[in-house]
2 protein chains.
Amino acid sequence: MLLTVKEMSKLADVSIKTLHHYHKIGLLLPAQVTEAGYRLYGQKELERLQGILFFRELDFPLKMIHKILDSNLDRISILKQQKKLFLKRIQKLHQLINTIDESIHSTVKGEHMDQSNLFRGFSSEAEWEEALQEQNEHLTQAYQYDLLKENSIQIEEMNEAAIEAQRFTSKMIAALQNKLTANDDQVQAIVKQHLHYLNTHGHQIKPSDYLQQTRFFIEDDFHREMLESQQPGLAYYLHVAAISYAETQQK
Amino acid sequence: MLLTVKEMSKLADVSIKTLHHYHKIGLLLPAQVTEAGYRLYGQKELERLQGILFFRELDFPLKMIHKILDSNLDRISILKQQKKLFLKRIQKLHQLINTIDESIHSTVKGEHMDQSNLFRGFSSEAEWEEALQEQNEHLTQAYQYDLLKENSIQIEEMNEAAIEAQRFTSKMIAALQNKLTANDDQVQAIVKQHLHYLNTHGHQIKPSDYLQQTRFFIEDDFHREMLESQQPGLAYYLHVAAISYAETQQK
DNA sequence: TGTTGACTCTGACCTTAGAGGAGGATTTAG
DNA sequence: CTAAATCCTCCTCTAAGGTCAGAGTCAACA
C-alpha cells in the first residue's frame, strides 16, 4: 500500500516540489525508491508528514522540525506538544483581534491609539521564541525525560472510564465548535450517553447530580482551568447542556 | 513627534532590516528622511505598519499587502476584513487541534487513522486561497463599493447604545479569554454596569429579565451565531454570568 | 571642543522554503 | 505500440528578510 508523490501531494495538500525538497534535505525520506527512481511512501511517512505540517503551520523552521522528529520523542508527546502550541497561537490571535477591535473603535472616534497599544499581541512573538526554545531544550536535556514521562504515564494510566470521559469531552468540544446549541438533540444525546455509561459502570448519577457536578467544574479552579484550556467556553457549555438535560428529564 | 528606525522597531517588534526592506520595496515610506538619510516615521506610518503586520501575520505576500493598502479602502474596512480573516484562521486552528486529538486517540489505541483524516484542517488552505482571491477582487471591481458601504454604514448607524453593547461584549470576551469565572467579582461588575447603563437609558431590565434574555440568546439562532462567532462559548458564558448575577441580586 | 558610544546608512552576499521550467525517462491505458 | 500522464534530475528564480563590512552622524559628557 504505497503512495506515489502525486497521491501523497493530494492527500496532504502539499506540492510535489515540497516532497522533493523534504527528500533532498532528509526531512522526509520515501519508504522506498523504485529502480526508475520513483519515490514511494507508506503509512509511517504519511504520519511523519502530518507531524511536519503541523509544525510548519506553527512556523517552525524545517531544520528544527527535523531535529524534533528525529529525537526519540514518541508520537504522542509530540502531538500533545503541538496541540499546546496551537492553543497558544489561538490565544495570540484572539489578542490580535482585540487589538483590531480597539483600533476600529478609536478610529471611529477619530482618536489616535496609544502607540504601543497599536501592536499589542504581536509582541508575544517573544513568548513564541520561548516556546520554541523550550522545545529545543527538550531535545538536549534530561528534562525531555520528564516530559516524556509526564505525557505517556497519563496515557497508560488512563483506564476505560477516563477514555470515555475524554471521548465525551471531545464530542462536546466538537459540538460547541460546530455551533450546536447546548439544548440541541444531538448534544443532549451525547450527555445522555455519557450519563448512561457512568450509571452502568459503578456510578449512580441522576441528571440533577450531574448538573451539580458541572456547576462544580465552573467553580473549582482546577477543573475549570482544565476544561477551558481545552476549549474556551467549554465549562459553561457543559453546564448549560446539563441544565437543559436536567429540565427535560425532570418532566 | 517623529520616530527613528530603532524606536519604530521596538514599538512594533520588527527588525530595522524589515523597515529598510519595506522602504526599498515602497511598502512603507518614512514620513521624512533627514539630510543624513535617517528615516523618520510619524503616526500615519505607525498605523500603516500595524496594517502591514496584521496581513503579514495572515501570510499575505507583501505585494498583495501593498496593493490592498494602496487601494482606496478606508482603514476601518480593512481592519474589519482583517478581523474576519483572523476569525477564519482561528477556526482553522481549531480544526487542526481536532485532527491532533483524533490522531492521539487512534495512536493510543494502536490504530491507524484513515489517510485523508490525517490531514483534515490543512486542506482549508484552499478556502484560504479563496479568501485571498476575494480580497483581490475587492480591489478591482465595483464590489469593493458594496463592501465599503456594508462596512461603514454599520458603523455610522451605531448609536450610543450599540456602542455600549459592543463594549460590554468585548469586556466579557476578554474575561472569558482570561479565564475569569462567570461569577468572578469583576465579571459580575461588568454585568452590573451593563444593566445599570440600560436601566438609565430608557430600558427597564431586572436581573431576572436579563437572565431570560441571555437564555434567548442561546436559543435564538441568529443571536447565538452572532455571539459564538465572536468567541466560541460566549453565549453560554453570558448566560451563566447572568444566572450568577440573578442569584446574588435576589438575596 | 573633542571624543566616545550609540545609532544610522548603503551595499554586497547569504538563507530558507520552496516555485517554475527544460529535457528526458517511465508507466499506464487504449 | 503509441499517446497521455506521471515521474525524474538539474538549473535558475523568488520572497522576505538576516548578516556582516565600512563609513557617516548624533548626543552628551569631560
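Excluded from the calculations below are hydrogen atoms, water molecules and symmetry mates; all remaining heavy atoms, backbone and side chain alike, are included. Below, chains carry the letters A, B, ... as their sequence lines are ordered, and counting in each starts from 1. What you see is a predicted model; the values in this text were computed from it and never measured.
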Undergrad: State, to 0.1 Å, how close B:Leu53 and B:Ala12 come at their nearest heavy-atom pair, and which atoms those are.
TA: CD1-O, 3.8 Å
Undergrad: Tell me the closest heavy-atom pair linking A:Ala175 and A:Val187, and the distance in Å.
TA: CB-CG2, 3.9 Å
Undergrad: Kindly state which residues belonging to residues 19-31 of chain B come within less than 4.0 angstrom of DNA chain C, counting heavy atoms of the residue only, listed by number.
TA: B:His20
Undergrad: Return yes if some donor-acceptor pair links the side-chain N/O of A:Gln50 with the main-chain N/O of B:Leu118 below 3.5 Å, else return no.
TA: yes
Undergrad: Please set out all donor-acceptor pairs under 3.5 angstrom arising from side-chain atoms of residues 27-38 of chain B, sequence neighbours excluded.
TA:
{"from": "B:Thr34", "atom 1": "OG1", "to": "B:Ala36", "atom 2": "N", "distance (Å)": "3.3"}
{"from": "B:Thr34", "atom 1": "OG1", "to": "B:Gly37", "atom 2": "N", "distance (Å)": "3.4"}
{"from": "B:Thr34", "atom 1": "OG1", "to": "B:Tyr38", "atom 2": "N", "distance (Å)": "3.0"}

Undergrad: Can B:Glu57 and A:Lys92 be said to form a salt bridge (Lys or Arg N to Asp or Glu O under 4.0 Å), step by step?
TA: CA-CA 11 Å; B:Glu57 185 70 34; A:Lys92 176 183 171 179; 3.5 Å; yes
Undergrad: Begin with the C-alpha distance, continue with both residues' side-chain angles, and end with the deciding distance and a verdict on side-chain hydrogen bond (donor to acceptor under 3.5 Å, both in side chains) for B:Glu47 and A:His112.
TA: CA-CA 9 Å; B:Glu47 286 176 7; A:His112 284 302; 2.9 Å; yes
Undergrad: Can you name the nearest heavy-atom pair linking B:Leu176 to A:Gly233, along with the distance?
TA: CD1-N, 3.8 Å
Undergrad: Rounded to the Å, how far apart are B:Asp59 CG and D:dG17 P?
TA: 11 Å
Undergrad: When the distance from CG of A:Leu53 to C1' of C:dA17 is rounded to whole Å, what number comes out?
TA: 13 Å
Undergrad: When you compare the protein's N or O atoms with those of nucleotides 4-6 of chain C, which come within less than 3.5 Å of each other, and at what distance?
TA:
none

Undergrad: Quick one: is A:Thr18 getting a side-chain N or O under 4.0 Å of the C:dA19 phosphate, OP1 or OP2?
TA: yes
Undergrad: Please enumerate all residues that pass salt bridge (Lys or Arg N to Asp or Glu O under 4.0 Å) together with B:Glu45, with sequence neighbours excluded.
TA: none
Undergrad: Considering only heavy atoms, which members of residues 32-40 of chain B lie under 4.0 Å from some atom of DNA chain C?
TA: B:Gly37, B:Tyr38, B:Arg39
Undergrad: Measure the distance from NZ on B:Lys17 to C1' on D:dC20 and round it to the nearest whole Å.
TA: 10 Å
Undergrad: Quick one: is A:Ser15 getting a side-chain N or O under 4.0 Å of the C:dA19 phosphate, OP1 or OP2?
TA: yes
Undergrad: Is the backbone of A:Asp184 close enough, under 3.5 Å, to the side chain of A:Thr181 for a donor and an acceptor to pair up by distance?
TA: no
Undergrad: Expressed in angstrom and rounded to an integer, what is the separation of B:Tyr41 atom OH from C:dT8 atom P?
TA: 11 Å
Undergrad: Atom pairs, N/O to N/O, protein against nucleotides 1-4 of chain D, distance under 3.5 Å?
TA:
none

Undergrad: Could you go over nucleotides 27-29 of chain D and give all protein N or O partners under 3.5 Å, atom names and distances?
TA:
none

Undergrad: In this structure, how many angstroms lie between the C1' atom of C:dC7 and the CD atom of B:Glu7, rounded?
TA: 11 Å
Undergrad: Please enumerate all residues that pass side-chain hydrogen bond (donor to acceptor under 3.5 Å, both in side chains) together with B:Thr107, with sequence neighbours excluded.
TA: A:Arg75
Undergrad: Using atom CZ of B:Phe60 as one end and atom P of D:dA15 as the other, report the distance to the nearest whole Å.
TA: 17 Å
Undergrad: Check whether more than 12 heavy atoms from other residues, nucleotides or ligands sit under 6.0 Å from atom CD of A:Glu7, and answer yes or no.
TA: yes
Undergrad: Quick one: list whatever passes side-chain hydrogen bond (donor to acceptor under 3.5 Å, both in side chains) with B:Thr99, sequence neighbours left out.
TA: none
Undergrad: If you define the side chain from C-beta out and look only at heavy atoms, does anything of A:Phe119 sit under 4.5 Å from B:Leu46?
TA: yes
Undergrad: Kindly determine whether B:Met113 and A:Gln43 satisfy side-chain contact (heavy atoms from CB on, under 4.5 Å), including the steps that lead there.
TA: CA-CA 9 Å; B:Met113 264 174 88; A:Gln43 178 71 22; 5.7 Å; no
Undergrad: Grab the CD1-P distance between A:Ile16 and D:dC7 for me, whole Å please.
TA: 5 Å
Undergrad: Using C1' atoms of five pairs at each end, report the bend of the helix from C:dT1-D:dA30 to C:dG30-D:dC1 rounded to 10 degrees.
TA: 10°
Undergrad: Is the backbone N or O of A:Asn117 less than 3.5 Å from a side-chain atom of A:Glu102, with the two atoms forming a donor-acceptor pair by type?
TA: no
Undergrad: If the condition is salt bridge (Lys or Arg N to Asp or Glu O under 4.0 Å), which residues does A:Lys24 pass it with, not counting sequence neighbours?
TA: none
Undergrad: Is the phosphate of D:dA15, meaning OP1 or OP2, less than 4.0 Å from a side-chain N or O of B:Lys63?
TA: yes
Undergrad: Once you round to the nearest 0.5 Å, how far does CD1 of A:Ile104 lie from NZ of B:Lys80?
TA: 6.0 Å
Undergrad: How are the rings of A:Phe60 and A:Phe55 set to each other: parallel, tilted or perpendicular (split at 30° and 60°)?
TA: tilted
Undergrad: So if I take every side-chain heavy atom of B:Leu62 and compare against D:dC20, C:dG20, D:dA16, which nucleotide ends up nearest?
TA: D:dA16
Undergrad: Under the side-chain hydrogen bond (donor to acceptor under 3.5 Å, both in side chains) test, which residues partner A:Asp70, sequence neighbours left out?
TA: A:Arg48, A:His66
Undergrad: Rounded off to whole Å, could you give me the CD-to-P distance for the A:Glu57 and C:dA17 pair?
TA: 15 Å
